Peer 1: 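Structure provided below as C-alpha cells; questions to follow.
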Amino acid sequence: MIRFGLCCVFHEAPIRFRTATAKYVLKLRSLNQDPLHYLSQIILDNLQALEQAISYCGEHHIGAFRINSQFMPLYTHPEVKYQLKDFGEAEIIYQKFERCRELAKMLGIRLTLHPDQFVILNSPNERVVKASMEELEYHGLLAELIGADVINIHAGGVYGDKSAALDRLMQQIPKLSKRVRQRLTLENDDKSFTPEDLLPVCRAVGIPLVYDIHHHRCLPDQFTIDEASQLCYQTWNREPLFHISSPREGWSGKKLTSHHDYIDIHDFPLFWLSLDPLTIEIEAKAKEVAIARLMKELNLIY
DNA sequence: AGCGGTCAAGTTGAT
DNA sequence: ATCAACTTGACCGCT
C-alpha cells in the first residue's frame with residue numbers, strides 16, 4: 001500500500017494553523033497582560049485545526065500529514081518558553097491531544113514532523129547545537145502528544161569539511177533522548193549532503209534515511225534514482241518515507257530548488273508504486289489539490 | 001475589510 | 001554585501 005502525505009497547510013480547504021511572534025508575546029508581557037492565555041488559545045485553535053486536518057485526510061484518501069513546527073509557538077524561545085502545565089486550560093489541551101492521536105490512529109493517518117532549517121546538529125557553534133537539541137526535544141514531546149513516528153531533519157552544514165561535519169553529526173545523535181532518537185530521521189538535501197553521504201551515517205547511528213528524489217536530482221551522487229530509492233528504503237525499521245516535488249520553472253529553468261504548484265507526473269518514478277509499504281510526502285504548493293491531481297493521474301483508485 | 005510591515009533561530013549560493 | 005531559499009504565510013495594527 002502506497003500513501004501520500006500532505007505537508008503542513010491546505011491550499012483550498014479552509015483549515016488554518018495559527019502562529020505567534022515573540023515580539024507580540026513579549027509586548028503582552030510588558031503591558032502586564034497574560035501571554036499564557038494568548039498562547040494556550042493558539043494551541044487550542046491548532047488542535048481544532050489538526051482534528052479537521054486529520055478528518056480531511058481520512059475523507060480524501062490522504063494517508064499522512066506533516067505538522068508544522070509552530071504547533072506550540074515559541075515553545076523553545078529563550079525569552080518566551082513555557083510549559084503546557086502552566087496553562088489554566090492544560091487539562092483540556094491534553095485531552096484534545098489525545099483526541100487527535102486517537103482519531104489519527106482510527107483513520108490510519110500517519111503523522112510526521114519536520115523541524116525547520118535552524119536545527120543544525122553539526123554546527124561548530126555550540127550554542128547553535130544546544131538550541132538545536134532543545135528544539136528537537138520539543139519535537140519529541142510534540143511527537144509523543146500527537147503520535148508522530150517521524151522527526152525528520154537535514155544533516156546540517158559542511159563548513160568546508162564534509163566528513164568532519166558528518167562526524168560531528170554522529171557525535172550528537174546519541175545525546176538525544178530516546179523519544180527523539182526513536183523517531184529521528186535524516187534527509188538528503190539539495191546543496192550539501194547526498195544519499196551517498198548519509199547512508200553510512202544512518203547505518204552507523206541506526207536511524208532511517210528519508211529519500212528526497214527532487215533533492216537527489218538537484219544534487220546527484222554515484223547512485224541512480226532506483227538505487228538510491230532501494231538503499232534508502234532498506235534503512236527503515238518502520239514504513240519508509242520519501243519526498244517528491246517538481247521544479248517551479250521545469251528542469252530547464254534556472255532555479256531548480258523552488259517548488260511547483262503540482263507534481264509533474266514525469267518526475268514520479270513509477271517503480272515507487274511497487275514499493276510496499278511506502279509513504280510519499282508531496283511537496284507542492286497546491287497542497288491537497290496537488291495530491292488529488294497526482295492520484296488521479298496515477299490512476300490510483302481507492 | 002483590506003493591506004502593509006514585520007516576524008527567533010543557520011547555512012548556502014545566486015545576484 | 002545582500003538576500004532568497006529552505007516544509008509554509010500569518011501575525012497585528014493601521015487606514
Side-chain angles (χ1 to χ4, degrees), chain A residues 5-11 14-28 31 33 35 38-39 41-42 45-46 49 53 64-82 111-136 138-139 142 148 150-162 165 168-169 185 187-193 210 212 214-215 218-219 241-245 247-249 253-261 280-288 290-291:
Chain A
L6 174 63
C7 300
C8 303
V9 297
F10 288 79
H11 185 61
I15 300 172
R16 298 288 177 266
F17 292 87
R18 299 182 61 192
T19 62
T21 62
K23 197 160 198 169
Y24 185 70
V25 169
L26 295 174
K27 182 182 164 191
L28 286 180
L31 294 174
Q33 299 186 36
Y38 172 72
L39 288 164
Q41 198 54 54
I42 290 180
D45 287 350
N46 284 344
F65 184 70
R66 180 192 300 172
I67 292 159
N68 194 301
S69 292
Q70 315 308 314
F71 195 85
M72 296 194 267
L74 305 167
Y75 192 88
T76 59
H77 187 286
E79 292 179 82
V80 176
K81 275 194 185 170
Y82 57 91
L111 299 175
T112 71
L113 298 174
H114 195 348
D116 56 33
Q117 62 271 33
F118 310 108
V119 172
I120 313 275
L121 283 179
N122 73 352
S123 173
N125 181 340
E126 69 179 35
R127 296 203 337 269
V128 172
V129 176
K130 183 165 180 286
S132 298
M133 305 276 281
E134 285 176 17
E135 185 69 11
L136 282 174
Y138 153 68
H139 282 81
L142 180 57
V150 171
I151 300 173
N152 178 40
I153 60 172
H154 292 288
V158 175
Y159 312 96
D161 185 342
K162 191 181 270 190
R168 284 197 303 278
L169 174 63
T185 65
E187 176 188 344
N188 63 300
D189 64 75
D190 57 6
K191 291 192 176 69
S192 304
F193 294 104
V210 172
D212 187 311
H214 183 67
H215 291 162
C218 293
L219 183 69
L241 177 63
F242 288 3
H243 290 176
I244 191 169
S245 52
R248 163 158 289 283
E249 297 152 9
K254 46 179 81 168
K255 255 197 198 90
L256 296 180
T257 57
S258 52
H259 292 165
H260 196 96
D261 288 349
I280 304 171
E281 287 185 337
I282 306 302
E283 296 180 333
K285 289 179 178 290
K287 300 294 171 182
E288 79 278 13
I291 294 181

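Any value given below was found using the heavy atoms of this structure, including those in side chains, with hydrogens, waters and symmetry copies removed. Everything quoted here is computed from the prediction, not taken from an experiment. Below, read A as the first sequence line, B as the second, and so on, with proteins coming before strands; counting in each chain starts at 1.
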Peer 1: Looking only at side-chain N and O atoms, does A/Thr19 come under 4.0 Å of OP1 or OP2 in C/dG9?
Peer 2: no
Peer 1: Within the 4.0 Å heavy-atom criterion, would you say A/His215 contacts the bases, only the backbone, or no part of the nucleic acid?
Peer 2: sugar-phosphate
Peer 1: According to the 5.5 Å centroid and 30° plane-angle thresholds, does A/Phe118 stack upon the nucleobase of B/dG10?
Peer 2: no
Peer 1: Give a yes or no on whether a salt bridge exists between A/Lys130 and A/Glu134, defined as a side-chain N under 4.0 angstrom from a carboxylate O.
Peer 2: yes
Peer 1: To the side chain of A/Glu135, which of C/dC12, B/dA8, C/dC6 is closest?
Peer 2: B/dA8
Peer 1: Looking at C/dC6, I'd like to know if its phosphate oxygens (OP1 or OP2) sit under 4.0 Å from a side-chain N or O belonging to A/His243.
Peer 2: no
Peer 1: Return the nearest nucleotide to the side chain of A/Lys27; candidates are C/dG13, C/dT8, C/dA10.
Peer 2: C/dG13
Peer 1: Can you see if the side chain of A/Tyr159 gets near the phosphate of B/dT11 - specifically, an N or O under 4.0 Å from OP1 or OP2?
Peer 2: yes
Peer 1: Any side-chain N or O of A/Tyr138 less than 4.0 Å from the OP1 or OP2 oxygen of B/dA9?
Peer 2: no
Peer 1: So, is A/Lys23 close to the B/dC7 phosphate, meaning a side-chain N or O under 4.0 Å from OP1 or OP2?
Peer 2: yes
Peer 1: Counting only side-chain heavy atoms from C-beta out, which of B/dT12, B/dA9, C/dT8 sits nearest to A/Gln70?
Peer 2: B/dA9
Peer 1: Does the B/dA9 base have a donor-acceptor partner in the side chain of A/Ser132 within less than 3.5 Å?
Peer 2: no
Peer 1: Looking at the side chain of A/Asn68, which of B/dA8, C/dT8, B/dT11 is the nearest nucleotide?
Peer 2: C/dT8
Peer 1: Determine the minimum heavy-atom distance between A/Ser123 and A/Tyr159, stating which atoms define it.
Peer 2: CA-OH, 3.3 Å
Peer 1: Looking just at side-chain N and O atoms, do A/His214 and A/Glu283 make a donor-acceptor pair shorter than 3.5 Å?
Peer 2: no
Peer 1: With a 3.5 Å distance limit and no angle check, can you tell me whether A/Gln70 reaches the backbone of A/Arg18 through a side-chain donor-acceptor pair?
Peer 2: no
Peer 1: Using whole Å, report how far OH of A/Tyr82 lies from C1' of B/dA8.
Peer 2: 13 Å
Peer 1: Looking at A/His154, I'd like to know whether one of its side-chain N or O atoms comes within less than 4.0 Å of OP1 or OP2 on C/dT7.
Peer 2: yes
Peer 1: Quick check: A/His114 with A/His139 (ring centres under 6.0 Å apart)?
Peer 2: no
Peer 1: For a quick test of reading the model: is some side-chain N or O of A/Lys285 closer than 4.0 Å to OP1 or OP2 of C/dT7?
Peer 2: no
